[in-house]
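Structure first, commentary second.
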Amino acid sequence: MEYLIGIQGPDFVLVAADNVAANSILQMKHDADKMFKLSEKILLLCVGEAGDTAQFAEYIQKNVQLYKMRNGYELSPSAAANFTRKNLADYLRSRTPYHVNLLLAGYDDTDGPGLYYMDYLSALAKAPFAAHGYGAFLTLSILDQHYRPDLTRDEAVDLLKKCIEELRKRFILNLPSFTVRVIDKEGIHDLETLTSGPK
Amino acid sequence: MITFPLTIITPIHSHLVITSSGSGADCMLWERILAREIRLYHLRHRRRLSICGTAKLLSLMLHPFKGTELCVALTLQDVPVTAHSASPNSGPKLIYVCSDGARLQGDVFSVGSGSPYAYGVLDGGLRWGLSKEEAVSLAREAVFRATHRDAYSGNSVDLFHITAQGWSQRTREDLREEYYRDMKRREKIAEERRRVTTSDG
């Protein structure tokens with residue numbers, strides 16, 4: 001029901017998430033923000049079981065902040081991703097596993113932009129583009145077809161719009177709007193909320 | 001070991017072609033049963049059963065098995081030759097029938113485990129006025145992208161083109177070559193972009 005997407009460019013990462021917080025057949029909230037700011041240049045997008053998402057994401061968020069306070073410098077996106085994965089893996093075989101699917105997007109001042117795909121079984125993969133949710137089935141082929149490693153920001157947004165248009169057309173559930181953010185060397189920037197217009 | 005040529009697309013008669021997905025064994029059986037029934041109809045009534053009739057017949061034959069493990073999802077495509085071109089039975093038709101009981105007529109369908117991936121590509125390029133070459137290229141691209149992402153699809157792509165004169169089949173293409181062709185195309189585009197930006201800068 002929920003949808004996350006990330007597209008990495010040469011010097012930025014574009015991420016978007018839908019805005020619906022659902023309970024059974026109802027939209028309880030249509031302006032939900034599924035992105036958690038781990039640091040000035042790292043975003044964690046988190047979907048999955050109700051409760052697990054916020055609990056796990058906030059736990060990671062606070063721990064990343066704690067690292068910065070203790071050591072004086074921030075965790076890199078790669079380190080944060082591996083830290084997250086380790087926590088997810090440790091809980092996986094406990095009595096209380098977290099059922100969450102994540103995208104971690106960040107900009108490292110030495111390594112550049114990075115997008116990390118993580119699923120509820122704690123699989124971690126660095127990828128040029130990734131998506132979560134049923135919407136991923138419909139949009140991964142579009143990303144395969146049109147993605148280039150040297151995309152400009154505008155081209156990445158156009159590619160994102162193509163994906164959202166496909167969801168509007170073929171996905172059985174209505175996802176009316178999407179929060180879009182870009183991370184680059186200047187930090188995290190909010191872009192215009194994308195809406196899927198009327199059919 | 002399977003030695004006969006395995007196809008997902010099966011021509012039934014000169015103007016009727018069926019694609020199958022779901023359980024392979026179930027589809028093979030039900031295609032044979034359907035072919036037998038429509039041949040019997042042809043012999044008894046001295047005319048071919050229309051595609052709508054064929055689809056309905058199949059749907060009614062599958063109905064007793066609803067709720068069982070039977071898993072069949074077929075598309076029937078036909079371009080009937082009729083005397084009166086204005087009749088509702090004329091013109092090309094595409095009908096989707098599945099073991100759940102659905103029977104849907106439409107302009108475009110993608111069926112099977114790889115279908116969501118194919119829809120992504122199809123919807124981007126589909127228009128009513130496509131030429132034959134454009135349609136072939138779009139269909140091939142959709143199948144290629146779906147087989148790339150879906151674990152249960154792959155190997156090669158078959159293409160059938162059906163007109164009022166009957167069906168014709170393109171040579172089966174190995175998708176491995178399509179993958180390498182796509183990689184080369186991307187490299188060329190990347191080179192072009194690099195050349196353009198360096199010449200501009």
Side-chain angles (χ1 to χ4, degrees), chain A residues 1-11 16 117 119 121 123 125 127-175 178 196-197 199, chain B residues 21 96 102 104 106-127 137-154 157 175 178-201:
Chain A
M1 324 300 174
E2 302 177 288
Y3 180 68
L4 299 178
I5 181 173
I7 304 174
Q8 185 203 317
D11 58 351
Y117 170 99
D119 72 6
L121 293 171
F129 55 85
H132 273 299
Y134 287 118
F137 285 100
L138 292 164
T139 51
L140 277 172
S141 51
I142 301 176
L143 289 166
D144 277 331
Q145 199 184 17
H146 297 292
Y147 176 80
R148 308 267 170 267
D150 55 356
L151 282 176
T152 65
R153 276 151 226 258
D154 288 334
E155 285 169 341
V157 172
D158 282 338
L159 185 49
L160 175 62
K161 283 183 178 159
K162 274 201 183 73
C163 292
I164 290 176
E165 175 59 25
E166 178 63 15
L167 290 183
R168 185 197 66 81
K169 183 161 198 258
R170 285 284 175 193
F171 192 37
I172 199 179
L173 298 183
N174 183 32
L175 296 174
F178 297 81
S196 41
K199 279 190 181 149
Chain B
S21 67
Y96 166 78
L104 306 165
D107 293 330
V108 59
F109 286 108
S110 174
V111 187
S113 52
S115 64
Y117 302 114
Y119 270 125
V121 171
L122 267 182
D123 287 334
L126 213 51
R127 286 184 335 267
S137 144
L138 183 62
R140 194 202 291 118
E141 177 88 23
V143 169
F144 167 59
R145 298 280 163 209
T147 56
H148 178 61
R149 283 285 170 180
D150 181 34
Y152 301 106
S153 308
V157 56
L175 285 166
E178 181 63 34
Y179 179 74
Y180 290 126
R181 251 179 278 149
D182 187 56
M183 295 234 304
K184 280 213 188 73
R185 229 175 289 142
R186 279 169 187 270
E187 271 172 38
K188 226 191 296 168
I189 294 179
E191 253 183 69
E192 260 304 312
R193 286 165 70 108
R194 268 194 298 262
R195 204 157 23 95
V196 167
T197 48
T198 51
S199 70
D200 281 350

Original post:
Who are the side chain to side chain donor-acceptor pair (under 3.5 Å) partners of A:Glu2, not counting sequence neighbours?
Top reply: A:Lys34
**OP:** Might you point out which heavy atoms bring A:Ile142 and B:Val121 nearest each other, and give the distance in Å?
**Re:** CG1-N, 4.4 Å
Check chain A against chain B and list any donor-acceptor pairs under 3.5 Å.
unit_1	atom_1	unit_2	atom_2	d
A:Phe137	O	B:Tyr117	N	3.2
A:Ser141	OG	B:Tyr117	O	2.4
A:Asp144	O	B:Arg186	NH2	2.0
A:Asp144	OD1	B:Arg149	NH2	3.0
A:Asp144	OD2	B:Arg149	NE	2.8
A:Tyr147	O	B:Arg186	NH1	2.9
A:Asp150	O	B:Arg193	NH2	2.9
A:Asp150	OD1	B:Arg193	NE	3.2
A:Asp150	OD1	B:Arg193	NH2	3.4
A:Asp150	OD2	B:Arg193	NE	3.1
A:Glu155	OE1	B:Arg193	NH2	3.0
A:Lys169	NZ	B:Asp123	OD1	3.1
A:Arg170	NE	B:Asp123	OD1	3.4
A:Arg170	NE	B:Asp123	OD2	2.9
A:Arg170	NH2	B:Asp123	OD1	3.2

